[in-house]
Structure formats: structure tokens, C-alpha cells
2 protein chains.
Amino acid sequence: MKFIAEIDVMPLKEILDPQGKAVKLGLGNLGIQSVEDVRVGRHIQLHLEAADEASAKSIVEEACKQLLVNRIVESYTYYLAEFVLSN
Amino acid sequence: MKFIAEIDVMPLKEILDPQGKAVKLGLGNLGIQSVEDVRVGRHIQLHLEAADEASAKSIVEEACKQLLVNRIVESYTYYLAEFVLSN
């Protein structure tokens with residue numbers, strides 16, 4: 001079975017987010033004042049092959065914990081769905 | 001009204017994604033071979049104040065087009081929701 005995982009990796013709430021601050025400032029300079037808060041993270045899309053949803057999930061968790069996410073300063077959320085190719 | 005926009009900015013399908021390639025390689029080196037494709041982009045969270053959903057949407061569009069997205073090499077998707085603080 002083929003799966004797709006859409007992962008968001010974001011700086012923890014307690015952590016300063018200089019990129020988000022810079023974007024907020026930039027938007028203000030463009031005249032967009034109504035944006036009150038900005039946080040910037042990464043979005044990662046994985047296509048994977050797995051026997052079932054449980055093993056797909058464990059692959060995604062492994063990938064996040066071992067490579068994609070620095071859990072000292074970041075948190076992650078994702079959704080995982082079966083990727084269906086209709087013929 | 002307060003709104004929250006969750007924006008994903010991704011490299012266009014036609015564009016090479018060296019970061020995605022590097023992640024795929026890294027996962028392979030860690031023994032995670034079942035990931036077939038990786039794409040890496042940005043995730044941006046905006047909190048904003050607007051009179052209604054239509055004007056919130058136009059603020060998000062403006063922010064994407066003027067600052068957040070390089071539309072020559074990237075595309076963006078987002079969802080926009082009212083942010084309700086219950087008392």
C-alpha cells in the first residue's frame with residue numbers, strides 16, 4: 001500500500017521564532033498590519049510504501065524522530081493517508 | 001474577528017527539490033528505505049484580525065503573493081478558520 005504523510009514541523013511555543021518575527025515585520029512594511037502573529041516552520045511531504053497503516057505510521061514517527069525534527073526546539077504534527085491511484 | 005491561516009508553501013512539481021532529495025538520502029542512510037519521495041517546503045501560521053472571512057482571505061492572499069511565496073518556483077495552499085476563544 002502507498003501512503004502519503006503531510007508533516008508540519010514548527011518551533012515550540014516557548015521558543016523565539018526570529019523568522020516569524022521577520023515575516024511579521026515585512027508584512028507590516030508592506031502595509032499588512034492586521035497580522036498579529038506569525039510562526040514559520042517546515043512542511044514535509046513523504047510518499048511511502050508500507051504493509052498497513054500502523055507500519056506506515058511507525059515509519060513516519062521514526063523519520064521525524066531520527067532526522068526531520070529537532071525535538072529540543074521543535075514539535076511536529078502530521079496526517080497520514082492512503083494514497084489511492086485509480087485506474 | 002480573529003482568524004488563523006495555516007499555509008503550506010511547496011516547490012512546484014516541475015522544480016528539483018534538493019532539500020527533499022537530501023532528506024530522502026538521509027532517511028536511506030538511517031535504514032528507512034520505504035520512503036519513495038520527499039518534498040520539503042515551508043509551513044507558515046498567521047494569526048490575523050479581520051472584519052469577516054472574505055477580508056481575512058484577501059489579507060492571506062496578499063501576504064502570500066507579496067512576501068511569503070516565490071510563485072516562479074513555489075505554489076501555496078492554505079486553510080483559513082475563525083479562531084474562537086471561549087470564555
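Proteins come first, then strands; the chains are lettered A, B, ... in the order of their sequence lines, and each starts at number 1.
- At a 4.5 Å heavy-atom cutoff, A/Lys24 makes no contact with chain B through either its backbone or its side chain.
- By a heavy-atom distance cut of under 4.5 Å, A/Ile59, A/Glu62, A/Ala63 are the residues of residues 52-64 of chain A near chain B, going up by number.
- Of residues 3-17 of chain B, those residues lying under 4.5 Å from chain A by any heavy-atom pair are B/Asp8, B/Met10.
- Contact residues of residues 66-83 of chain B toward chain A are B/Gln66, B/Leu67, B/Leu68 (heavy-atom distance under 4.5 Å).
- Of residues 26-37 of chain B, those residues lying under 4.5 Å from chain A by any heavy-atom pair are B/Gly26, B/Leu27, B/Leu30, B/Ile32, B/Ser34, B/Val35, B/Glu36, B/Asp37.
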